[in-house]
Peer 1: 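Structure in C-alpha coordinates, see below.
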Amino acid sequence: MIGASLSIVRKSGVMHYDIFTLFPGMFQGPLSESILKRAQEQGLLSIALHNIRDATSDKHHIVDDYPYGGGAGMVMKPDPLFTSVEAVYQGGPIILLSPQGQLFTQQIARELSQEVRLTLICGHYEGIDERVRQHLVTDELSIGDYVLTGGELAAMVVVDAVSRLLPGVLGGEESILEESHSSGLLEYPHYTRPSDYRGWRVPDILLSGNHAEIAGWRRKESLRRTRERRPDLFAKLDLSSKQDRKLLRELEEEQ
Ligand code: 9D3
(Lines give C-alpha, C1' and ligand atoms only; values in the text may rest on other atoms or scores of the structure.)
Protein backbone atom coordinates (compact mmCIF):
# COMPACT_ATOMS: atom_id res chain seq x y z
CA MET A 1 0.00 0.00 0.00
CA ILE A 2 1.66 3.20 -1.23
CA GLY A 3 -0.06 5.58 1.21
CA ALA A 4 1.08 3.59 4.21
CA SER A 5 4.69 3.48 3.13
CA LEU A 6 4.63 7.24 2.48
CA SER A 7 3.46 7.91 6.02
CA ILE A 8 6.15 5.57 7.35
CA VAL A 9 8.80 7.55 5.48
CA ARG A 10 7.53 10.76 7.09
CA LYS A 11 7.35 9.43 10.64
CA SER A 12 10.77 7.79 10.41
CA GLY A 13 12.25 11.31 10.18
CA VAL A 14 14.51 10.60 7.23
CA MET A 15 16.03 13.77 5.77
CA HIS A 16 17.40 14.37 2.30
CA TYR A 17 19.73 17.31 1.70
CA ASP A 18 20.54 18.73 -1.73
CA ILE A 19 23.56 21.00 -1.44
CA PHE A 20 24.51 23.34 -4.30
CA THR A 21 28.10 24.55 -4.25
CA LEU A 22 31.06 25.44 -6.43
CA PHE A 23 33.29 23.42 -4.07
CA PRO A 24 31.72 20.01 -3.35
CA GLY A 25 35.12 18.72 -2.22
CA MET A 26 34.91 20.93 0.90
CA PHE A 27 32.10 18.71 2.22
CA GLN A 28 33.83 15.31 1.90
CA GLY A 29 35.56 15.30 5.28
CA PRO A 30 33.01 16.73 7.74
CA LEU A 31 30.01 14.82 6.36
CA SER A 32 31.87 11.50 6.11
CA GLU A 33 32.99 11.13 9.71
CA SER A 34 31.53 10.22 13.06
CA ILE A 35 27.82 10.69 13.70
CA LEU A 36 26.85 11.98 10.24
CA LYS A 37 28.71 9.08 8.62
CA ARG A 38 26.86 6.52 10.74
CA ALA A 39 23.50 8.24 10.16
CA GLN A 40 24.00 8.04 6.38
CA GLU A 41 25.03 4.37 6.61
CA GLN A 42 21.87 3.68 8.62
CA GLY A 43 19.73 5.44 6.01
CA LEU A 44 18.61 8.13 8.48
CA LEU A 45 19.79 10.89 6.18
CA SER A 46 21.14 11.32 2.68
CA ILE A 47 23.18 14.12 1.19
CA ALA A 48 23.50 14.88 -2.52
CA LEU A 49 26.23 17.34 -3.49
CA HIS A 50 25.70 19.27 -6.71
CA ASN A 51 28.43 21.26 -8.41
CA ILE A 52 26.82 24.48 -9.65
CA ARG A 53 29.45 24.58 -12.41
CA ASP A 54 27.97 21.38 -13.91
CA ALA A 55 24.87 23.37 -14.87
CA THR A 56 26.76 25.77 -17.16
CA SER A 57 26.39 25.39 -20.93
CA ASP A 58 29.17 27.68 -22.17
CA LYS A 59 32.64 26.44 -23.14
CA HIS A 60 34.36 27.93 -20.10
CA HIS A 61 31.70 26.90 -17.53
CA ILE A 62 31.41 30.45 -16.26
CA VAL A 63 29.49 30.83 -13.00
CA ASP A 64 30.19 34.48 -12.15
CA ASP A 65 30.27 37.85 -13.89
CA TYR A 66 30.91 41.54 -13.27
CA PRO A 67 28.32 43.49 -11.29
CA TYR A 68 25.95 45.76 -13.25
CA GLY A 69 26.63 49.29 -12.11
CA GLY A 70 30.27 48.54 -11.46
CA GLY A 71 32.15 47.92 -8.25
CA ALA A 72 34.58 45.42 -6.84
CA GLY A 73 34.16 41.67 -6.87
CA MET A 74 32.18 39.22 -8.92
CA VAL A 75 28.53 38.16 -8.74
CA MET A 76 27.19 34.62 -9.16
CA LYS A 77 25.14 34.34 -12.36
CA PRO A 78 21.50 33.31 -11.94
CA ASP A 79 21.16 30.63 -14.62
CA PRO A 80 23.55 27.94 -13.25
CA LEU A 81 21.74 28.18 -9.91
CA PHE A 82 18.18 28.09 -11.29
CA THR A 83 19.04 25.29 -13.73
CA SER A 84 20.82 23.04 -11.24
CA VAL A 85 18.22 23.45 -8.47
CA GLU A 86 15.26 22.98 -10.83
CA ALA A 87 16.83 19.77 -12.19
CA VAL A 88 16.48 17.95 -8.85
CA TYR A 89 13.98 19.95 -6.75
CA GLN A 90 11.17 17.92 -5.17
CA GLY A 91 9.86 20.41 -2.59
CA GLY A 92 10.80 21.87 0.77
CA PRO A 93 12.63 25.04 1.79
CA ILE A 94 15.35 26.42 -0.51
CA ILE A 95 17.84 27.97 1.84
CA LEU A 96 20.53 30.42 0.80
CA LEU A 97 23.49 30.66 3.18
CA SER A 98 24.49 34.30 3.23
CA PRO A 99 25.87 36.94 5.61
CA GLN A 100 22.58 38.82 5.15
CA GLY A 101 20.45 35.91 6.33
CA GLN A 102 18.41 35.49 9.49
CA LEU A 103 20.60 34.23 12.33
CA PHE A 104 20.56 30.41 12.50
CA THR A 105 19.47 29.30 15.99
CA GLN A 106 18.54 26.06 17.75
CA GLN A 107 14.88 26.98 17.27
CA ILE A 108 15.40 27.17 13.50
CA ALA A 109 17.33 23.87 13.59
CA ARG A 110 14.31 22.28 15.35
CA GLU A 111 11.93 23.65 12.72
CA LEU A 112 14.09 22.50 9.81
CA SER A 113 14.38 19.01 11.35
CA GLN A 114 10.62 18.59 10.72
CA GLU A 115 11.13 18.84 6.94
CA VAL A 116 11.62 15.85 4.64
CA ARG A 117 13.96 17.62 2.20
CA LEU A 118 16.23 20.65 2.51
CA THR A 119 17.90 22.46 -0.37
CA LEU A 120 20.99 24.44 0.61
CA ILE A 121 22.65 26.95 -1.71
CA CYS A 122 26.18 28.07 -0.91
CA GLY A 123 27.13 31.50 -2.18
CA HIS A 124 30.63 32.44 -3.07
CA TYR A 125 32.33 35.56 -4.41
CA GLU A 126 30.98 38.93 -3.28
CA GLY A 127 27.39 38.01 -3.87
CA ILE A 128 24.67 36.37 -5.84
CA ASP A 129 22.32 37.78 -8.47
CA GLU A 130 19.33 39.23 -6.58
CA ARG A 131 16.82 37.34 -8.77
CA VAL A 132 17.98 34.09 -7.14
CA ARG A 133 16.93 35.53 -3.81
CA GLN A 134 13.65 36.86 -5.17
CA HIS A 135 12.46 33.91 -7.27
CA LEU A 136 14.25 30.74 -6.13
CA VAL A 137 15.23 31.05 -2.48
CA THR A 138 12.60 30.68 0.26
CA ASP A 139 14.82 31.33 3.30
CA GLU A 140 18.17 32.99 3.91
CA LEU A 141 20.37 32.03 6.87
CA SER A 142 23.59 33.34 8.42
CA ILE A 143 25.47 31.39 11.10
CA GLY A 144 26.83 34.47 12.88
CA ASP A 145 28.41 37.89 12.67
CA TYR A 146 31.81 37.03 11.21
CA VAL A 147 32.95 36.82 7.59
CA LEU A 148 33.53 33.43 5.95
CA THR A 149 34.97 32.80 2.49
CA GLY A 150 31.72 31.24 1.32
CA GLY A 151 28.51 29.51 2.37
CA GLU A 152 29.98 25.99 2.46
CA LEU A 153 31.04 25.88 6.13
CA ALA A 154 27.73 27.49 7.07
CA ALA A 155 25.82 24.79 5.16
CA MET A 156 27.77 22.12 7.02
CA VAL A 157 26.88 23.77 10.33
CA VAL A 158 23.18 23.67 9.38
CA VAL A 159 23.37 20.01 8.25
CA ASP A 160 25.13 19.06 11.49
CA ALA A 161 22.77 20.90 13.83
CA VAL A 162 19.62 19.67 12.04
CA SER A 163 20.77 16.08 11.56
CA ARG A 164 21.48 15.41 15.23
CA LEU A 165 17.81 16.22 15.93
CA LEU A 166 16.53 13.50 13.57
CA PRO A 167 15.21 10.39 15.33
CA GLY A 168 17.90 7.74 15.74
CA VAL A 169 20.88 9.91 14.76
CA LEU A 170 22.18 10.38 18.30
CA GLY A 171 22.83 7.29 20.39
CA GLY A 172 20.87 8.02 23.56
CA GLU A 173 17.62 9.88 23.05
CA GLU A 174 17.95 11.09 26.67
CA SER A 175 20.62 13.60 25.69
CA ILE A 176 18.14 15.52 23.50
CA LEU A 177 15.47 15.36 26.21
CA GLU A 178 17.83 16.71 28.85
CA GLU A 179 18.82 19.43 26.40
CA SER A 180 15.27 20.77 26.04
CA HIS A 181 14.79 20.37 29.80
CA SER A 182 17.56 22.77 30.79
CA SER A 183 17.24 24.92 27.65
CA GLY A 184 18.57 28.41 28.02
CA LEU A 185 21.18 27.33 30.60
CA LEU A 186 24.85 26.61 30.02
CA GLU A 187 26.03 23.17 31.06
CA TYR A 188 27.31 22.33 34.50
CA PRO A 189 30.93 21.09 34.88
CA HIS A 190 31.58 17.45 34.01
CA TYR A 191 34.14 15.12 35.60
CA THR A 192 35.29 11.56 35.03
CA ARG A 193 37.93 9.30 36.64
CA PRO A 194 40.35 9.66 38.27
CA SER A 195 38.76 11.40 41.28
CA ASP A 196 42.16 12.97 42.00
CA TYR A 197 44.18 14.12 39.00
CA ARG A 198 47.46 15.85 39.91
CA GLY A 199 45.91 16.85 43.22
CA TRP A 200 42.85 18.40 41.54
CA ARG A 201 39.88 16.76 43.22
CA VAL A 202 36.46 16.08 41.78
CA PRO A 203 33.86 17.88 43.95
CA ASP A 204 32.93 15.54 46.82
CA ILE A 205 29.22 15.88 46.20
CA LEU A 206 29.53 14.11 42.83
CA LEU A 207 31.00 11.06 44.62
CA SER A 208 28.34 11.08 47.36
CA GLY A 209 25.69 9.05 45.54
CA ASN A 210 23.04 11.54 46.74
CA HIS A 211 21.22 12.16 43.47
CA ALA A 212 18.98 14.96 44.72
CA GLU A 213 21.99 16.89 46.06
CA ILE A 214 23.91 16.25 42.84
CA ALA A 215 21.01 17.59 40.76
CA GLY A 216 20.90 20.71 42.96
CA TRP A 217 24.66 21.24 42.66
CA ARG A 218 24.49 20.91 38.87
CA ARG A 219 21.60 23.34 38.57
CA LYS A 220 23.48 25.85 40.73
CA GLU A 221 26.67 25.55 38.67
CA SER A 222 24.64 25.94 35.46
CA LEU A 223 23.07 29.11 36.86
CA ARG A 224 26.50 30.41 37.96
CA ARG A 225 28.02 29.81 34.52
CA THR A 226 25.12 31.29 32.64
CA ARG A 227 25.11 34.42 34.81
CA GLU A 228 28.89 34.88 34.46
CA ARG A 229 29.35 34.04 30.78
CA ARG A 230 26.00 34.70 29.12
CA PRO A 231 24.12 37.51 30.85
CA ASP A 232 21.96 37.70 27.70
CA LEU A 233 20.69 34.15 28.27
CA PHE A 234 20.49 34.64 32.03
CA ALA A 235 18.17 37.63 31.60
CA LYS A 236 15.64 35.45 29.73
CA LEU A 237 15.46 32.67 32.35
CA ASP A 238 12.42 31.97 34.46
CA LEU A 239 14.00 31.65 37.91
CA SER A 240 10.81 31.85 39.93
CA SER A 241 10.84 28.27 41.23
CA LYS A 242 11.50 27.74 44.92
CA GLN A 243 14.67 25.77 44.14
CA ASP A 244 16.10 28.39 41.78
CA ARG A 245 15.42 31.24 44.22
CA LYS A 246 17.26 29.27 46.92
CA LEU A 247 20.20 28.50 44.60
CA LEU A 248 20.46 32.14 43.52
CA ARG A 249 20.46 33.27 47.16
CA GLU A 250 23.34 30.84 47.81
CA LEU A 251 25.26 32.23 44.81
CA GLU A 252 24.83 35.81 46.09
CA GLU A 253 26.06 34.82 49.55
CA GLU A 254 29.26 33.37 48.03
CA GLN A 255 30.35 36.79 46.80
C1 9D3 B 1 31.82 43.24 1.69
C2 9D3 B 1 30.54 42.55 1.95
N3 9D3 B 1 30.76 41.15 2.35
C4 9D3 B 1 29.64 40.77 3.28
C5 9D3 B 1 30.09 40.78 4.70
C6 9D3 B 1 30.72 40.32 1.16
C7 9D3 B 1 30.75 38.87 1.45
C8 9D3 B 1 31.73 38.31 2.26
C9 9D3 B 1 31.76 36.95 2.51
C10 9D3 B 1 29.81 38.04 0.91
C11 9D3 B 1 29.85 36.67 1.13
C12 9D3 B 1 30.83 36.15 1.93
C13 9D3 B 1 30.87 34.69 2.18
N14 9D3 B 1 30.08 34.30 3.36
C15 9D3 B 1 28.99 33.54 3.25
O16 9D3 B 1 28.63 33.16 2.14
C17 9D3 B 1 28.22 33.18 4.42
C18 9D3 B 1 28.37 33.54 5.79
C19 9D3 B 1 29.30 34.39 6.46
O20 9D3 B 1 30.25 34.97 5.90
N21 9D3 B 1 29.16 34.55 7.82
C22 9D3 B 1 28.18 33.95 8.54
N23 9D3 B 1 27.27 33.18 7.95
C24 9D3 B 1 27.38 32.98 6.60
S25 9D3 B 1 26.35 32.04 5.70
C26 9D3 B 1 27.14 32.33 4.28
Peer 1: Would you confirm whether T21, through its side chain, and N51, through its main-chain N or O, come within 3.5 Å as a donor-acceptor pair?
Peer 2: no
Peer 1: How far does CG of L112 sit from CG of L166, to the nearest 0.5 angstrom?
Peer 2: 10.5 Å
Peer 1: Between H124 (side chain) and G151 (backbone), is there a donor-acceptor pair under 3.5 Å?
Peer 2: no
Peer 1: To the nearest 0.5 angstrom, please state how far the CD1 atom of I95 sits from the OG1 atom of T138.
Peer 2: 6.5 Å
Peer 1: Going by atom types alone, do Q107 and R110 pair a side-chain donor with an acceptor below 3.5 Å?
Peer 2: yes
Peer 1: What are the two closest non-hydrogen atoms of V159 and Y17, and how far apart are they?
Peer 2: O-OH, 3.6 Å
Peer 1: For residues S84 and F20, report the shortest heavy-atom separation together with the two atoms involved.
Peer 2: O-CE2, 3.3 Å
Peer 1: Please answer whether the main-chain N or O of K37 pairs with a side-chain N or O of S32 as donor and acceptor at a distance below 3.5 Å.
Peer 2: no
Peer 1: Under 4.0 Å between a Lys/Arg side-chain N and an Asp/Glu carboxylate O for E41 and R38?
Peer 2: no
Peer 1: Report the distance from atom CG of D204 to atom CD of E213, rounding to the nearest 0.5 Å.
Peer 2: 11.5 Å
Peer 1: Show me the side-chain donor-acceptor pairs of residues 60-69 shorter than 3.5 Å, one per line, residues at least two apart or across chains.
Peer 2:
from, atom 1, to, atom 2, distance (Å)
H61, ND1, T56, OG1, 2.9

Peer 1: Could you give the distance from CG (L22) to CG (D54), rounded to the nearest 0.5 Å?
Peer 2: 10.0 Å
Peer 1: For the atom pair CG (L185) and CD (E221), what is the distance rounded to the nearest 0.5 Å?
Peer 2: 12.0 Å
Peer 1: Which heavy atom of S163 sits nearest to which heavy atom of L36, and what is that distance?
Peer 2: CB-CD2, 3.5 Å
Peer 1: If you count the non-hydrogen atoms of other residues, nucleotides and ligands that lie under 6.0 Å from CD in E250, is the total more than 12?
Peer 2: yes
Peer 1: Search all heavy atoms of P203 against all heavy atoms of W217 and return the closest pair with its distance.
Peer 2: CG-CZ2, 3.8 Å
Peer 1: Atom CD1 of I121 and atom CG of L141: how far apart are they, to the nearest 0.5 Å?
Peer 2: 12.0 Å
Peer 1: Test side chain to side chain contact (heavy atoms under 4.5 Å, CB included) on S195 and R201 and set out the steps.
Peer 2: CA-CA 6 Å; S195 60; R201 300 261 316 139; 3.7 Å; yes
Peer 1: For atom CG of D196, decide whether the heavy atoms of other residues, nucleotides or ligands shown that lie under 6.0 angstrom number more than 12.
Peer 2: yes
Peer 1: Which pair of heavy atoms, one from P167 and one from L44, lies closest together, and at what distance?
Peer 2: O-CD2, 3.9 Å
Peer 1: When you check the gap from the basic side-chain N to the acidic O, do R249 and E252 get nearer than 4.0 Å?
Peer 2: no
Peer 1: Show, in sequence, the C-alpha distance, side-chain angles and deciding distance for I35 and R164, and conclude whether the side chain to side chain contact (heavy atoms under 4.5 Å, CB included) test is met.
Peer 2: CA-CA 8 Å; I35 290 169; R164 63 184 289 288; 5.5 Å; no
Peer 1: Which pairs would a plain distance check flag for residues 231-244, meaning a side-chain donor or acceptor within less than 3.5 Å of a matching protein atom at least two apart in sequence or in another chain?
Peer 2:
from, atom 1, to, atom 2, distance (Å)
D232, OD1, R230, NE, 2.9
D232, OD2, R230, NE, 3.4
D232, OD2, R230, NH2, 2.8
D238, OD1, S240, N, 3.1
D238, OD1, S240, OG, 2.6
S241, OG, D244, N, 3.1
S241, OG, D244, OD2, 3.4
D244, OD1, R219, NE, 2.8
D244, OD2, R219, NH2, 2.8

Peer 1: Which atom pair, heavy atoms only, marks the closest approach of I214 to I205?
Peer 2: CG1-O, 3.3 Å
Peer 1: Count the heavy atoms belonging to other residues, nucleotides or ligands that lie under 6.0 Å from NE2 of H190, then report whether that count exceeds 12.
Peer 2: yes
Peer 1: For residues 70-80, please give each side-chain donor-acceptor pair under 3.5 Å, one per line with the distance, not counting sequence neighbours.
Peer 2:
from, atom 1, to, atom 2, distance (Å)
D79, OD1, T83, OG1, 3.1
D79, OD2, T83, OG1, 3.2

Peer 1: Has Q40 got a side-chain atom pairing as donor or acceptor with L31's backbone, closer than 3.5 angstrom?
Peer 2: yes
Peer 1: For Y197, does the OH atom sit with more than 12 other heavy atoms under 6.0 Å from it, leaving out its own atoms?
Peer 2: no
Peer 1: Does CZ belonging to R131 count more than 12 external heavy atoms closer than 6.0 Å?
Peer 2: no
Peer 1: Does Y146 belong to the same Ile/Leu/Val/Met/Phe/Trp/Tyr cluster as L103, with side-chain heavy atoms less than 4.5 Å apart forming each link?
Peer 2: no
